[in-house]
There are 2 protein chains.
Amino acid sequence: MDIRKVPDDELRRLPVLAGLSDEQLARVRRAARLVELAEGEHLFEHGQRAERFFMLREGRIKLYRLSPEGDEKVIEIIRPGQSFAEAVMFMEGKRYPVSAQALVRSELVAFDNSVFLQILRESVETCFRVMAAMSMRLRARVNEIEALALQNATLRLVNYLLGELPEDAGESAEIRLPAPKNVIASRLSVQPETLSRILHQLCDKGLITVQGRTITVHDVPALRRYGGIA
Amino acid sequence: MDIRKVPDDELRRLPVLAGLSDEQLARVRRAARLVELAEGEHLFEHGQRAERFFMLREGRIKLYRLSPEGDEKVIEIIRPGQSFAEAVMFMEGKRYPVSAQALVRSELVAFDNSVFLQILRESVETCFRVMAAMSMRLRARVNEIEALALQNATLRLVNYLLGELPEDAGESAEIRLPAPKNVIASRLSVQPETLSRILHQLCDKGLITVQGRTITVHDVPALRRYGGIA
DNA sequence: GCCCGGAATTGACCCACGTTAAGGAGCGCT
DNA sequence: AGCGCTCCTTAACGTGGGTCAATTCCGGGC
């Protein structure tokens with residue numbers, strides 16, 4: 001459980017760390033910790049003071065919000081190789097705007113915000129990388145807002161599936177859902193019952209087959225047509 | 001119609017320009033243009049290549065998305081003093097993720113992205129200001145996603161009103177809607193008819209009075225209680 | 001192989017909100 | 001004053017998807 005076991009080139013695969021000098025990376029590493037979470041364990045909670053941002057090495061993390069009534073909205077499902085919560089260090093108050101919980105046993109690198117801010121002060125290139133990462137996320141959020149406001153449940157699911165397709169998807173392709181269906185449902189802002197019904201409809205239409213967490217798309221272009229443009 | 005009529009201190013009131021040296025500000029200014037839009041005129045359209053970002057001096061700008069079917073979702077209503085579209089210069093593709101249209105006759109300063117990027121390369125402080133601005137917007141978008149996913153129309157309206165209250169609002173306060181009600185409705189992702197009904201309900205409860213575009217909140221704490229936490 | 005518990009499905013019902021349609025209110029223009 | 005906008009409101013009706021309540025499915029432990 002030592003951060004030293006994480007090789008440099010794995011860290012550098014993170015866009016926001018890719019441009020660092022050996023010396024800078026060493027400083028980042030010195031202030032970083034390896035974190036292991038059991039299934040269901042929380043990494044941080046909404047409103048908590050943020051001292052770190054993260055890279056997921058193994059497992060799956062769910063970022064979500066709770067309503068006062070206890071309803072949950074999954075904002076994003078993090079997969080290995082992704083970083084998250086880098087933007088929080090620039091927010092006034094520096095409080096996490098979401099909660100983070102491990103969906104399965106997970107392993108993460110936790111980076112120290114103040115050390116990273118110090119490095120940003122020395123490295124405009126890294127600033128640019130951070131800004132690029134934040135702008136991507138911003139656009140993703142705007143897309144999500146549009147989806148919630150202008151698309152019905154079926155359209156949101158279809159577009160989600162299209163987004164989950166591998167790059168090299170040909171005529172047909174297989175998708176492995178990154179989480180149980182009830183979590184996917186919350187990510188899409190529908191009830192599990194509704195997700196189940198919509199998947200069933202798409203099966204009836206012959207567009208997909210569902211086998212547990214695996215979805216086979218039989219005719220990608222047809223699904224694309226079905227989903228409109230997005 | 002000359003950019004020179006805009007005083008330096010007005011430009012510096014923009015957070016992302018506040019830290020510039022006189023020389024840097026002069027360069028920004030040299031590459032900036034003043035833009036005037038008539039009511040209903042478009043500043044840019046979704047998908048268009050972005051060469052500039054903007055500060056609104058006068059008027060009101062609506063940022064929105066259209067669905068393929070022509071339904072409109074207003075993402076944000078810009079007011080004088082605000083800047084927007086700064087994040088686009090960092091996105092791959094550099095294409096505006098929304099459309100921008102003047103709700104009334106408007107006057108803006110259009111800044112040149114490439115000149116500003118050059119200045120960012122020289123000024124880490126300005127990078128930090130940009131990152132702070134982007135993180136605020138990111139949080140705002142996450143809040144919006146939560147609102148759409150977890151709150152009903154009434155709650156969204158109440159929280160919108162609470163957000164529009166002046167800082168120094170005491171027991172009661174007056175709000176002037178920044179746009180016609182149908183635009184506000186789209187901002188809140190409800191139909192105009194529904195907005196009208198909900199406003200009526202809140203009147204019946206004695207919480208507010210509506211007079212055209214002016215809404216008087218009679219009991220701010222009561223409204224806050226009604227709205228839950230957010 | 002059997003049991004158990006959470007996840008997923010299915011059906012019946014319901015409701016918040018959208019839709020459609022028909023006024024009404026304010027306001028600039030002639 | 002009267003016309004013709006656009007914006008807004010009101011009412012009647014329809015529906016997508018939420019809610020509730022049973023099952024059924026499935027994977028892990030023994």
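The structure displayed is predicted, hence computed values, not measured ones. Naming: A, B, ... by sequence-line order, numbering from 1 per chain.
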Next item on the list: Would you kindly give the CG-to-P distance between Asn182(B) and dG26(C), to the nearest whole Å?
Entry: 17 Å
Note to self: Let's see if you can work this out: which of dG18(D), dT19(C), dC8(D) has an atom nearest to the side-chain heavy atoms of Val190(A)?
What the structure shows: dG18(D)
Note to self: I need the CG-C1' distance between Leu199(B) and dT10(D), as an integer number of Å.
What the structure shows: 14 Å
Next item on the list: Looking only at side-chain atoms of Arg197(B), point me to the closest of dA11(D), dC8(D), dG11(C).
Entry: dA11(D)
Notebook entry, point to check: Would one find a side-chain N or O of His200(A) under 4.0 angstrom from OP1 or OP2 of dT10(C)?
Noted result: yes
Notebook entry, point to check: Tell me: CD of Glu39(B) to P of dC5(D), nearest whole Å?
Noted result: 16 Å
Margin query: Any donor-acceptor pair, under 3.5 Å, between the side chain of Glu193(A) and the base of dC20(D), if you only look at N and O atoms?
Written below: yes
Check: Say you draw a straight line from CG of Leu148(B) to CZ of Arg156(B); how long is it, rounded to the nearest 0.5 Å?
Finding: 5.5 Å
Note to self: Please classify the nucleic acid contact of Pro180(A) as base, sugar-phosphate, or nothing, using heavy-atom distances under 4.0 Å.
What the structure shows: sugar-phosphate
Checklist line | Salt bridge present between Arg105(A) and Glu107(A) (N-O < 4.0 angstrom) | finding: yes
Check: Between Gln201(A) (CD) and dG16(D) (P), how many Å, whole number?
Finding: 10 Å
Item checked: Euclidean distance, atom CG of residue Leu103(B) to atom P of dT6(D) [Å, nearest integer] -> 16 Å
Notebook entry, point to check: Mind checking whether Phe54(A) and Tyr96(A) have parallel, tilted or perpendicular rings, split at 30° and 60°?
Noted result: tilted
Checklist line | Minimum heavy-atom distance Ala153(B)-Thr194(B), with the two atoms named | finding: CB-CG2, 4.4 Å
Next item on the list: May I have the distance from Gln211(B) (atom CD) to dG26(C) (atom P), rounded to whole angstrom?
Entry: 10 Å
Next item on the list: Would you kindly give the CG-to-P distance between Leu148(A) and dG16(D), to the nearest whole Å?
Entry: 19 Å
Notebook entry, point to check: Is a donor on one side and an acceptor on the other found under 3.5 Å between the side chain of Glu144(B) and the backbone of Arg141(B)?
Noted result: no
Check: Hey, does the side chain of Thr194(A) come within less than 4.0 Å of dG18(D)'s phosphate (OP1/OP2), counting only N and O?
Finding: yes
Item checked: Interatomic distance, Gln191(A) CD vs dC20(D) P [rounded to whole Å] -> 10 Å
